[in-house]
Amino acid sequence: MKPGKIVCVGRNYAAHAAELGNEIPKFPLVFLKPASSVIGDGENIVYPDFSEEMHHEVELVLRIGKTIKNGSLEEAEAVIDAYTVGLDMTLRDIQSKLKEKGHPWTIAKCFDTSAVIGEFVSAQQYKPNFDEKISLKINGEIRQEAPLSLMLFKPAEIVKYISEKMTLEEGDYIMTGTPAGVGKVEKGDILEAEVENIAKLKVTVV
Ligand code: ZN
């Protein structure tokens, strides 16, 4: 199934908001990635020639199984039909310049190969308790690691909130934000991302 829109949540872990000098949000901060930015497990992240600072952000990804608009918390929970691990690759140098000027982050977030999405596990197959560990290794070394319980906004709350602002459709993905420990990647790096009991993926930066 080809993805629809990809809605991303920023600053959903307090320690990550702090490491970039941002306040803890009172409601989910959302932005979009296009379907054209998606790659899967085993593919390559292509370093864009217009950036010198690409960062990794490992995230829990939700898939929407049924259209929802202005959903209740129960309805929001029910439309999440699958989970996986993903990487929200970010051009931090470009994002910082855009933030300074108050401009949208689009160019920093929407480049080709910037959304790495693992294999989905259906919600019937595995029901997360959101205490699973999320982690990212670069060349075998742990860079990000946290329990999903540190998320400020939980998956159902995120879906409910987004559905109040725009219709979520079958096949849309939601990237739920990254824990602390983001940093630069270099060409040649091997990135291994995992959400415990849910999914793993491995990609190379070229
Ligand atoms: Zn992110």
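Numbers here are sequence positions counted from 1. Read the numbers this way: they start at 1 and go in the same order the structure lists the ligands and their atoms. Computed from heavy atoms alone, side chains included, the values below leave out hydrogens, waters and symmetry copies.
Residues His55 and Glu57 bring no donor and acceptor atom of their side chains to less than 3.5 Å of each other. In this model, a donor atom of one side chain and an acceptor atom of the other lie less than 3.5 Å apart for Asp93 and Ser51.
For Glu119, the salt bridge (Lys or Arg N to Asp or Glu O under 4.0 Å) criterion is met by no residue, not counting sequence neighbours.
Between Leu73 and Glu75, every side-chain heavy-atom pair lies at or beyond the 4.5 Å cut-off.
Counting only residues at least two apart or in different chains, side chain to side chain donor-acceptor pair (under 3.5 Å) contacts with residues 26-44 comprise Lys33-Asp88, Lys33-Ser114. Identified under the side chain to side chain donor-acceptor pair (under 3.5 Å) test for residues 193-206, with sequence neighbours left out: Tyr126-Asn197.
Protein N/O/S atoms found under 2.8 Å from the Zn ion (ligand 1): Glu57 OE1, Glu59 OE2, Asp88 OD2.
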